[in-house]
Protein chains: 2
Amino acid sequence: MQKYRDKGLKLTPQRLAIFEYLDGNRSHPSAEDIYTEIIKKFPMMSFATVYNTIETLKKKGDLAEITIDPERRHYDPDTSHHHHLICKTCKKIKDIHSDFSIHIPEDQKGTFEVLDNHIEFYGMCHKCKTKGE
Amino acid sequence: MQKYRDKGLKLTPQRLAIFEYLDGNRSHPSAEDIYTEIIKKFPMMSFATVYNTIETLKKKGDLAEITIDPERRHYDPDTSHHHHLICKTCKKIKDIHSDFSIHIPEDQKGTFEVLDNHIEFYGMCHKCKTKGE
DNA sequence: GTTACTGCAAAGCTTTTGCATCCCT
DNA sequence: AGGGATGCAAAAGCTTTGCAGTAAC
């Protein structure tokens, strides 16, 4: 937490609770997910604080916004390069930390310079698969 | 267009204009992009008609919703399996019609059954690359 | 004491919905 | 003629913003 203070950020109780909730969190929460969790400890907390903190963390590079749900934004405290495996039924997301070397054929690449990639895998988690049978 | 009529869809002038705009369109437009274009021909047209038509085409499987922009939804009349190469600067999107066979290692897959994937490549288009230098 | 953060409320955007009217078939 | 589509307006849902009060430093 010291690293945040060093950057001139104030460590308010609400923020600390959000930091703690996000630390190691692999659930790819939305702003509302964060709000719903933190409000248990701080019933007076406002949505603006959640969004403010998200913005602060994003700017610091400690939180990634992931574009996998058209309904709302989700966030990922794991900012390392990885991919996502999404259950088509329950939308649960599993991180995939493999490195795939994917090269676009020259004739497809056009004049683009390719720098990075993110793969969304779609599938069925075990729970949904067994329920559907 | 006959195929739409056969399904019980009415071919109104507004719809025909939208169909025509989307046919072969590789620009991945948003609802507003569609609206802005069609309004030129039909100044009375409402946004509801755009969204209605999008919904109709989606249900028929003739339009795909693509989740690449957290700001708004974009649509793609190319419903075949393909990937996207996105310019980080100007957000222009190029379709990539290559087939990559990507297999997640067993220890990463967990109990998921993997069915499909979509790759977002990020890079710089030629125009933005030369401007930035 | 400063300065940044919080909470509240209002506003901004995108998308959805209800409904009377219209028009394609 | 009948039923689906249109246009309008209102509403809903997510996110942003302005601002006065508050708390961390």
Side-chain angles (χ1 to χ4, degrees), chain A residues 1-22 28-60 62-75 91, chain B residues 1-22 28-60 62-75 91:
Chain A
M1 293 304 128
Q2 189 59 40
K3 63 172 176 173
Y4 292 116
R5 184 175 294 151
D6 291 348
K7 302 255 178 158
L9 301 187
K10 288 180 180 171
L11 300 183
T12 67
Q14 296 90 330
R15 275 191 172 172
L16 286 170
I18 295 176
F19 292 166
E20 193 185 335
Y21 171 68
L22 289 177
H28 312 84
S30 64
E32 185 169 10
D33 293 333
I34 299 171
Y35 177 75
T36 304
E37 183 61 30
I38 309 300
I39 201 92
K40 293 178 190 167
K41 277 191 191 169
F42 298 94
M44 304 306 293
M45 192 191 58
S46 82
F47 246 109
T49 297
V50 174
Y51 281 109
N52 281 340
T53 304
I54 286 171
E55 197 53 35
T56 301
L57 289 174
K58 272 170 62 182
K59 277 197 189 128
K60 276 193 39 47
D62 288 334
L63 189 65
E65 190 177 305
I66 49 181
T67 308
I68 43 166
D69 177 2
E71 307 274 325
R72 58 187 61 75
R73 299 177 192 199
H74 291 254
Y75 300 93
K91 310 298 178 195
Chain B
M1 294 303 129
Q2 188 60 40
K3 64 172 176 174
Y4 293 117
R5 183 176 293 152
D6 292 348
K7 302 253 177 158
L9 302 188
K10 288 181 178 170
L11 300 183
T12 67
Q14 296 90 329
R15 275 190 172 173
L16 287 170
I18 295 176
F19 293 165
E20 193 186 335
Y21 171 67
L22 289 177
H28 313 83
S30 65
E32 185 168 12
D33 293 333
I34 299 171
Y35 177 76
T36 303
E37 183 61 30
I38 309 301
I39 201 91
K40 294 178 189 167
K41 277 192 190 169
F42 299 95
M44 306 305 294
M45 192 191 59
S46 82
F47 244 111
T49 297
V50 174
Y51 280 109
N52 281 339
T53 305
I54 286 172
E55 197 52 37
T56 301
L57 289 174
K58 272 170 60 182
K59 278 196 188 130
K60 277 192 40 46
D62 288 334
L63 190 65
E65 189 176 304
I66 50 180
T67 309
I68 43 166
D69 177 3
E71 305 274 324
R72 58 188 58 78
R73 299 176 192 201
H74 291 254
Y75 300 94
K91 309 299 178 194

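Reminder, nothing fancy here: chain letters follow the sequence lines and each chain counts from 1. Basis for what follows: all heavy atoms, side chains included, without hydrogens, waters or symmetry-related copies.
With distances taken from any side-chain atom of L11(B) to the nucleotides dG7(C), dT14(C), dT25(C), the minimum falls on dT25(C). Side chain of T12(B), nearest nucleotide from dT15(D), dA5(D), dT14(C): dA5(D). Ranking dC8(C), dA23(D), dG7(D) by closeness to the T49(B) side chain, first place goes to dG7(D). Nearest to the side chain of R15(A), among dA5(D), dT6(C), dT17(C), sits dT6(C). Nearest nucleotide to the side chain of R72(A), out of dT6(D), dA24(D), dC14(D): dC14(D). Of the candidates dG7(D), dC5(C), dC24(C), the closest approach to any side-chain atom of L9(A) belongs to dC5(C). Side-chain proximity of M45(B) to the nucleotides dG7(D), dA24(D), dC8(C) is greatest for dG7(D).
Judged by distance alone, the side chain of H28(B) and the main-chain N or O of H74(B) form no donor-acceptor pair under 3.5 Å.
Salt bridge K41(B)/E20(B): present, at least one basic N to carboxylate O contact under 4.0 Å. Ion pairing of R73(A) with E71(B) is present here, as a side-chain N (NZ or NE/NH1/NH2) and a carboxylate O approach within less than 4.0 Å.
In this model, no donor atom of one side chain and acceptor atom of the other lie less than 3.5 Å apart for T36(B) and D33(B).
Across all strands shown, P43(A) has no heavy atoms under 4.0 Å from either base or sugar-phosphate atoms. Within the 4.0 angstrom heavy-atom criterion, no nucleotide atom of any strand lies near P70(B). Residue contacts shown for E55(A) are absent, as no nucleic acid heavy atom lies under 4.0 Å away.
Between the CZ atom of F47(B) and the C1' atom of dA11(D) there is a distance of 16 Å, given to the nearest Å. Residue E71(A) contributes atom CD, which lies 11 Å from atom P of dT15(D) at whole-angstrom precision. One interatomic measurement links the two molecules: NZ of K59(A) to P of dT16(D), which rounds to 11 Å at whole-angstrom precision. Separating the CD1 atom of I38(B) from the P atom of dT6(D) is a distance of 12 Å, rounded to the nearest angstrom. Counting to the nearest Å, the C1' atom of dA23(D) and the CZ atom of F42(A) are 13 Å from each other. Between the P atom of dT14(C) and the CD atom of E65(B) lies a distance of 15 Å, rounded to the nearest Å. Counting to the nearest Å, the C1' atom of dT15(C) and the CG atom of D69(A) are 14 Å from each other. Separating the CD1 atom of I34(B) from the C1' atom of dT6(D) is a distance of 17 Å, rounded to the nearest angstrom.
Taken to the nearest 0.5 Å, the OH atom of Y35(A) stands 13.0 Å off from the OG1 atom of T53(A). Atom CD1 of residue I54(A) and atom CG of residue L22(A) lie 8.0 Å apart, to the nearest 0.5 angstrom. Put simply, CD1 on I34(B) and OH on Y75(B) are 7.5 Å apart, with the number rounded to the nearest 0.5 Å.
Across every non-hydrogen atom of L11(B) and L16(B), the tightest pair is O-CD1, 4.0 Å.
Remark on DNA chain C: of its neighbouring residues N52(B) and T56(A), the 5'-side contact belongs to T56(A), judged by nearest-heavy-atom nucleotide.
A close approach under 4.0 Å does not occur between any side-chain nitrogen or oxygen of R73(A) and OP1 or OP2 of dC14(D). At least one side-chain nitrogen or oxygen of Y51(A) sits closer than 4.0 Å to the OP1 or OP2 atom of dT15(D). A sub-4.0 Å separation between OP1 or OP2 of dC23(C) and a side-chain N or O of Q14(B) is absent. Applying the 4.0 Å criterion to OP1 and OP2 of dT6(C), one finds that S46(A) has every side-chain N and O outside that range.
Overall, the helix from dG1(C)-dC25(D) to dT25(C)-dA1(D) carries an axis bend of 30° between its ends, with five pairs at each end and the value rounded to 10°.
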